[in-house]
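Notes follow the structure.
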2 protein chains.
Amino acid sequence: MPQRHPLALALALAIAAFAVNVAADEATPAHTPSAKELLAKSKPQEWRVPDPQNLLVMQLPQGKVVIELAPDFTPLHVANIRTMAHEHYYDNLAIVRVHDNFVTQWGDPASDDNGNNSKLKSLGSARSTLPPEYTRPFDAKLPFTALPDGDVYAPEVGFSEGFPVARNKATGQEWLTHCYGMVGVGRDNDPQSGSGSELYAVIGQAPRGLDRNLAVVGRVLQGMEFLSGLPRGTGPLGFYEQPSQHVTISSARLMSDLPEAQRTKVEVLRTDSATFAALVEAKRNRHDDFYQFPAGKVDLCSIAIPVREASTSR
Amino acid sequence: MPQRHPLALALALAIAAFAVNVAADEATPAHTPSAKELLAKSKPQEWRVPDPQNLLVMQLPQGKVVIELAPDFTPLHVANIRTMAHEHYYDNLAIVRVHDNFVTQWGDPASDDNGNNSKLKSLGSARSTLPPEYTRPFDAKLPFTALPDGDVYAPEVGFSEGFPVARNKATGQEWLTHCYGMVGVGRDNDPQSGSGSELYAVIGQAPRGLDRNLAVVGRVLQGMEFLSGLPRGTGPLGFYEQPSQHVTISSARLMSDLPEAQRTKVEVLRTDSATFAALVEAKRNRHDDFYQFPAGKVDLCSIAIPVREASTSR
């Protein structure tokens, strides 16, 4: 029945197939467990609850976007973003740019005025410039789960504290990578010109050439589809040409600043857990009724880090 | 002025900066030419006009999508798609699935009916099943422009006839890769179950694990933003839950079947041209006022192949 959404059917089987835990017939190739199956068997301690001070909750007309900040990689930028969120700087700012296969960007829409900055919203007590923080010194105390298949851009890649990371022991540096859903800080040519007042999220093929050139401050945990599924801007660099196209951010708050009733309990699978390792391996070598040729490899930015919303009642 | 779309400003400079062809002061690092500058200097013979029989022109409410088919890689599938386009099979079909960071998929919306295929549109004289064509035998006569920085998934990658390609001389195979904008044929578990009646385009991080498991039939040359910028489906696997969300394809025709007045002259930069090589190198090693650390590397799916619409009057 090839007309019946065949790819979908096949992927449905691949993703949600009934667990095959019985001893496989020797003539039958083993079925790789699906992500759903692996997650169903995960242990509670394999999930972490991010610090509510590291969660930025942004309200769009389409829904809620939750970003986990990464203070161990970009501490000064995260502190500045926390200050701006705390002082409601982001409220009524807007998504002003959706550049296809690149980034969705938000900030002060008044900056569209060519050169006239008088209408710009005040940064309040936040700093207007910051040191770059494009990389950080390698720290053996940070957890690191290495991937086995290499990387085009860096000597070593893997995950640290739930974020995709590259590192180079020769230079003693590590840095967050521009994978899908990662959030960075826009800046001008001056490397010190970024403040966090203008942020972007990656919505296409990972633009890894940006790595080590911009401060990456976190990852979208929830609501990524609201940032990626917007009409593309038709102006240069994907800017919206009409203010009426801007998508208004009604508010952006740290989860820790929200009233208790509005908080949600987001959990992220630990990237140093056994279940995460099993997910990576299942992605590398998938044997099931659909896949004819398991890749045997996986690249850093193709790995999804599971997120779930725990019941607030427990 | 970090509030004034700093990333955009910087990228604007990086992309469209005035040519710096004067001898650089020894104290000043050389500026890498922008893509715009390189293309402005390209020669007419570096551009090719795809065979109109290889261009599928699909009309959506948002605009026109033009797909270049790849008969040298998937000849039977391309022939079947040509038959279906010629017989107007795709007319009034719809985009039924937009799976975030994965694929936008279109086909017969009647296949939503669970198991009831009686309402499905006839495939006419097209074949309902086809041999897989997931890879093709290596052919030294096909042009191949190799990339220098390796690949996580394949021994060798590069471009052939305007398409991203991987190859493995040890197995004697080459295949089109699932980069952003590539178009493939949905199928059921049976490897022979694909026909081309259901197609998908990649809209996120390249799902290279699909390589060699599906027939890849071409690449979106124009209108990719209409496929990628759609609201994501909220059903399982990104299917739209309501028929009212479907995006209707009013028609899909081969360019060669269109009346002369409706044809456009699309040109694609040859991937074996000197200008394309210069673009790749400029992407690998960008030195300008914005970039602090040129990557020195580039991955296959991060390279855009330039397309332009030539004036029909010339």
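Order of the sequence lines sets the chain letters (A, B, ...), proteins ahead of strands, with each chain counted from 1.
- In this structure, the portions of B:Val298 lying under 4.5 Å from any heavy atom of chain A include both its backbone and its side chain.
- Within the 4.5 Å cutoff, side-chain heavy atoms of A:Phe290 are placed close to those of B:Leu214.
- Between chain A and the options B:Gly150, B:Ala154, B:Ala304, B:Cys301, heavy-atom pairs under 4.5 Å are most frequent for B:Cys301.
- Under the 3.5 Å distance criterion, the side-chain polar atoms of B:Arg208 are left unmatched by any main-chain donor or acceptor of A:Ser302.
- Taking B:Gly204, B:Gly184, B:Ser228 one by one and counting their heavy-atom pairs under 4.5 Å with chain A, the maximum is reached by B:Ser228.
- Contact of B:Pro294 with chain A is made through the backbone alone, with heavy-atom distances under 4.5 Å.
- Proximity of a side-chain donor or acceptor of B:Asp299 to a complementary backbone N or O of A:Val152 within less than 3.5 Å is not detected.
- One distance of note links NE2 of A:His99 with CD of B:Glu225; it measures 10.5 Å at 0.5 Å rounding.
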Audit row: A:Met224, B:Asp100, side chain to side chain contact (heavy atoms under 4.5 Å, CB included) steps and yes/no = CA-CA 8 Å; A:Met224 183 61 203; B:Asp100 191 46; 3.9 Å; yes

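- Shown here for A:Gly209 and B:Ala295, the closest heavy-atom pair between the two residues is CA-CB, 4.2 Å.
- At a cut-off of 3.5 Å, with distance as the only test, no side-chain donor of B:Asn189 or A:Tyr291 sits close to an acceptor on the other residue.
- In this structure, B:Gln205 contributes its side chain and A:Ala206 its backbone to a donor-acceptor pair below 3.5 Å.
- The two atoms that bring A:Tyr134 and B:Gln292 nearest to each other are CE1-CG, 4.0 Å, heavy atoms only.
- Of the inter-residue distances, the one linking B:Tyr180 atom OH with A:Phe102 atom CZ reads 12.5 Å to the nearest 0.5 angstrom.
- For B:Phe226, no part lies under 4.5 angstrom from a heavy atom of chain A.
- Atom CD1 of A:Ile203 and atom CD1 of B:Ile203 lie 10.0 Å apart (nearest 0.5 Å).
- In this structure, the portions of B:Asp149 lying under 4.5 Å from any heavy atom of chain A include both its backbone and its side chain.
- We find the CG-NZ distance between A:Asp151 and B:Lys297 to be 9.5 Å, quoted to the nearest 0.5 Å.
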